[in-house]
Amino acid sequence: MKPVIKVLFFSLILFSFSVANAGAPIDGTYMTMNGTLLPGRVSEAWCSYPTYKAGVPGNMQNAMSWDGSDLETQWRVWGMAIDQNGAVLNAEDIDGNGDGYREYITHYNGGKFWLSGAHIWGDEDYYGTLDYYRVTSTMTIQGGQVVGIVSNVYFTGVFDDYAGCAIDYTIASAIRVWASDSGDPKPADYPPFICSVDQTGGYGSDGELFDGCCITCNISCETDAEKSSWGAVKSFYRE
């Protein structure tokens, strides 16, 4: 193949790749610690009639970014429902006075995410689907009563409109600030309780509220088009 034709073919491949991936999310690690990711607030609806309590299958989470005055200006993750196993006790240590801790691991099914286009990870709104979501919760217990819950959250997901683009991982911490059975007034400015991922199946009226902090989210794109394009380029230059 003549050099001019090779250069033309190479240019066409690069052009096709750039068009196919225009607007794709930008690779990077985004963190609340360095100001590239907002913290969030989370609701978990107690959806399972007639139990209506924490940790049971079907309870659903709804998480939104929080900038100090408004929800959902930067990101949202919602529709994750506790799987059929419910919250599973992983460890506990409680003394004779009823003081200690319990640790639960909870896996969730389903869920979606949205990232605002008005941020450094891209120039359009991005939607995606979760493929893994897990919460490890540690309850602090005094006198037999739960006085605090701190959770570690881990999830992954894929972008709906950009094959090969994914949230490789997101890790976060969450602190429970309220529950329906606490007897305290419900705080304002938290995501609504939902019991349906598309929100057409109604909203829950009971549940728990959490503050999310210390979030790290890693996004990367490695598309099939990129692999095949560079493979084609290499093969032509080997001729």
Side-chain angles (χ1 to χ4, degrees), residues 39-66 71-72 75-92 101-114 127-141 144-157 167 169-215 217:
R41 290 184 165 184
V42 186
S43 70
E44 180 159 311
W46 297 346
C47 301
S48 298
Y49 177 84
T51 51
Y52 294 134
K53 63 180 181 180
V56 301
N59 288 357
M60 186 170 285
Q61 287 196 357
N62 184 19
M64 298 177 179
S65 63
W66 173 249
L71 292 165
E72 202 181 359
W75 57 264
R76 184 185 179 199
V77 185
W78 77 100
M80 307 78 73
I82 295 178
D83 72 7
Q84 69 278 6
N85 297 314
V88 177
L89 181 64
N90 186 56
E92 68 176 337
Y101 76 92
R102 288 193 182 98
E103 180 185 86
Y104 290 87
I105 295 178
T106 309
H107 289 91
Y108 292 70
N109 293 324
K112 297 180 178 295
F113 67 85
W114 164 83
Y127 291 87
T129 303
L130 301 185
D131 50 27
Y132 185 79
Y133 194 93
R134 183 194 71 224
V135 177
T136 303
S137 300
T138 302
M139 297 180 173
T140 300
I141 299 172
Q145 301 297 315
V146 177
V147 296
I149 300 177
V150 177
S151 299
N152 294 315
V153 181
Y154 177 90
F155 68 83
T156 62
I167 293 179
Y169 62 84
T170 295
I171 54 176
S173 296
I175 300 173
R176 192 178 76 166
V177 298
W178 182 85
S180 295
D181 55 7
S182 66
D184 298 324
K186 182 180 179 182
D189 299 321
Y190 279 81
F193 293 129
I194 62 171
C195 288
S196 173
V197 68
D198 60 6
Q199 299 185 23
T200 61
Y203 291 80
S205 59
D206 295 314
E208 302 170 279
L209 300 176
F210 301 81
D211 285 339
C213 72
C214 315
I215 307 171
C217 176

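This structure is a prediction, so every number in the text was calculated from the model and none was measured. Keep in mind that the numbers below use all heavy atoms, side chains included, and drop hydrogens, waters and symmetry copies.
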> Just jot down the side chain to side chain donor-acceptor pair (under 3.5 Å) partners of Asp83, sequence neighbours excluded, or say none.
none
> The criterion is side-chain contact (heavy atoms from CB on, under 4.5 Å); which residues satisfy it with Val56, sequence neighbours excluded?
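Applying side-chain contact (heavy atoms from CB on, under 4.5 Å) to Val56 gives Ser48, Thr51, Lys53, Asn59.
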> Taking the side chain as C-beta and beyond, is there a heavy-atom pair between Trp75 and Ile215 under 4.5 Å?
yes
> Ignoring hydrogens and geometry, is there a side-chain-to-backbone donor-acceptor pair from Ser180 to Gly207 under 3.5 Å?
yes
> Throw together a table of side-chain donor-acceptor distances under 3.5 angstrom for residues 181-191, partners on residues two or more places apart or in other chains.
unit_1	atom_1	unit_2	atom_2	d
Ser182	OG	Ala179	O	2.7
Ser182	OG	Asp184	N	3.2
Tyr190	OH	Asp211	OD1	2.6

> I'd like to check the ring-ring contact (aromatic ring centres under 6.0 Å, His included) partners of Tyr108; sequence neighbours left out, ordered by chain and number.
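By the ring-ring contact (aromatic ring centres under 6.0 Å, His included) rule, Tyr108 matches Tyr133.
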> For residues 170-180, which residue pairs pass the salt bridge (charged side-chain N to carboxylate O under 4.0 Å, His left out) check, not counting sequence neighbours?
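Found Arg176-Glu208.
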> Return the set of residues passing side chain to side chain donor-acceptor pair (under 3.5 Å) with Thr170 (not counting sequence neighbours), or none when no residue passes.
none
> Taking only residues two or more places apart in sequence, or in another chain, which ones meet Ser43 in a side chain to side chain donor-acceptor pair (under 3.5 Å)?
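Listed in chain order: nothing, the list is empty.
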> Which residues pass the side-chain contact (heavy atoms from CB on, under 4.5 Å) test with Ile171, not counting sequence neighbours?
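Expected list: Tyr154, Thr216.
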> Distance check, rounded to the nearest 0.5 Å: Cys213 atom SG versus Ile175 atom CD1?
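Answer for the SG-CD1 pair, Cys213 versus Ile175, is 5.5 Å.
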> Under the side-chain contact (heavy atoms from CB on, under 4.5 Å) test, which residues partner Thr140, sequence neighbours left out?
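side-chain contact (heavy atoms from CB on, under 4.5 Å) list for Thr140, sorted by chain: Val147.
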> Got a second to check how far Asn90's CG is from Ile105's CD1, nearest 0.5 Å?
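Taking CG in Asn90 and CD1 in Ile105, the distance rounds to 3.5 Å.
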> If you take all heavy atoms of Cys195 and Ala45, which pair is closest and at what distance?
SG-CB, 3.9 Å
> Should Val135 and Met80 count as side-chain neighbours, where that means a heavy-atom distance under 4.5 Å?
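When only atoms from C-beta onward are counted, Met80 and Val135 do not touch, as no gap falls below 4.5 Å.
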> Taking side-chain hydrogen bond (donor to acceptor under 3.5 Å, both in side chains) as the criterion, tell me which of Glu44, Arg41, Arg76 meets it with Asn62.
Arg76
> Check Phe113 against Val77 and note the closest heavy-atom contact, atom names and distance.
CB-CG2, 4.1 Å
> Nearest 0.5 angstrom please: Ser151 OG to Tyr104 OH, how far?
12.5 Å
> Give the minimum heavy-atom separation between Trp66 and Leu71, together with the two atoms involved.
CE3-CD2, 3.6 Å
> Less than 4.5 Å apart, any side-chain heavy atom of Trp114 and any of Tyr127?
yes
> Would you please name every residue forming a side-chain contact (heavy atoms from CB on, under 4.5 Å) with Asn152, sequence neighbours left out?
Ser173
> Please name the pair of heavy atoms, one in Val146 and one in Ile149, separated by the smallest distance, quoted to 0.1 Å.
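Of all heavy-atom pairs spanning Val146 and Ile149, the closest is CG1-CG1, 3.8 Å.
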> Among residues at least two apart in sequence or on other chains, which ones pass salt bridge (Lys or Arg N to Asp or Glu O under 4.0 Å) with Glu92?
Arg102
> If you look at every heavy atom in Cys47 and Gly58, which pair is closest and at what distance?
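Where Cys47 meets Gly58 most closely, the heavy atoms are CB-O, 3.6 Å.
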> Supply the atom-to-atom distance Met64 CE to Trp78 CH2, rounded to the nearest 0.5 angstrom.
9.0 Å
> Quick check: closest heavy atoms across Ala174 and Phe210, and the distance to 0.1 Å?
CB-CB, 4.2 Å
